[in-house]
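Computation of the quantities below employed the complete heavy-atom set of this structure, encompassing side-chain atoms and omitting hydrogens, waters and symmetry-equivalent molecules.
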Amino acid sequence: MLDVKIDEVICTPNGSTLIVFYTSEKCWQFRLISHTGGIFGSERIYYTPEAAFKAGREWLADEK
């Protein structure tokens with residue numbers, strides 16, 4: 001079974017949700033869920049939750 005730990009769930013004013021999570025296979029990652037239900041992110045791994053959170057915030061800023 002895949003071990004997953006969710007570290008952050010942030011809802012943005014535009015209705016998107018940023019999730020920072022850890023898996024034993026791919027370390028820390030992030031995903032964005034848009035207000036329409038689309039899921040976005042990359043397969044890049046991060047070694048700390050702070051780095052994944054920062055990358056997710058930058059991804060959000062690029063989407064505006």
K.L.:
Give a yes or no on this: more than 12 heavy atoms of other residues, nucleotides or ligands lie within 6.0 Å of atom CZ of Arg57.
P.N.:
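Counting neighbours around CZ of Arg57, 12 or fewer heavy atoms of other residues, nucleotides or ligands fall under 6.0 Å, so no.
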K.L.:
Rounded to the nearest 0.5 Å, what separation is found between the CG atom of Asp7 and the CD1 atom of Ile19?
P.N.:
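If we round to the nearest 0.5 Å, Asp7:CG and Ile19:CD1 are 12.0 Å apart.
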K.L.:
Do Ser24 and Asp3 have side-chain heavy atoms sitting under 4.5 Å apart?
P.N.:
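A side-chain contact exists here, since the closest heavy-atom pair is under 4.5 Å.
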K.L.:
Tell me whether Gln29 contacts the main-chain N or O of Ala52 through its side chain, where contact means a donor paired with an acceptor under 3.5 Å.
P.N.:
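Absent.
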K.L.:
Kindly work out whether a path of hydrophobic side-chain contacts (I/L/V/M/F/W/Y, heavy atoms less than 4.5 Å apart) joins Phe21 to Ile39.
P.N.:
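Yes; tracing contacts between hydrophobic side chains, which count when under 4.5 Å, links both residues.
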K.L.:
What's the shortest heavy-atom distance between Arg31 and Gly41, and which atoms?
P.N.:
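In terms of heavy atoms, the two residues are closest at CD-CA, 4.1 Å.
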K.L.:
Between Val20 and Tyr46, does the side-chain contact (heavy atoms from CB on, under 4.5 Å) criterion hold? Intermediate values first, please.
P.N.:
CA-CA 10 Å; Val20 175; Tyr46 302 91; over 6 Å; no
K.L.:
Could you tell me the separation between the CD1 atom of Ile6 and the OH atom of Tyr22, rounded to the nearest 0.5 Å?
P.N.:
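Here the rounded value is 14.5 Å.
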K.L.:
Can you check ring-ring contact (aromatic ring centres under 6.0 Å, His included) on Trp59 and Phe30, steps first, answer last?
P.N.:
CA-CA 10 Å; Trp59 188 292; Phe30 71 89; 5.7 Å; yes
K.L.:
Can you see which heavy atom on Ile45 is nearest to which on Cys27, and at what distance?
P.N.:
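Looks like CB-CB, 4.5 Å.
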K.L.:
Is any side-chain heavy atom of Phe40 less than 4.5 Å from a side-chain heavy atom of Ser34?
P.N.:
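Yes, at least one pair of side-chain atoms sits under 4.5 Å.
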K.L.:
How many angstroms lie between CD1 in Ile33 and OG1 in Thr12, if you round to the nearest 0.5 Å?
P.N.:
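Rounded to the nearest 0.5 Å, the CD1-OG1 separation comes out at 11.0 Å.
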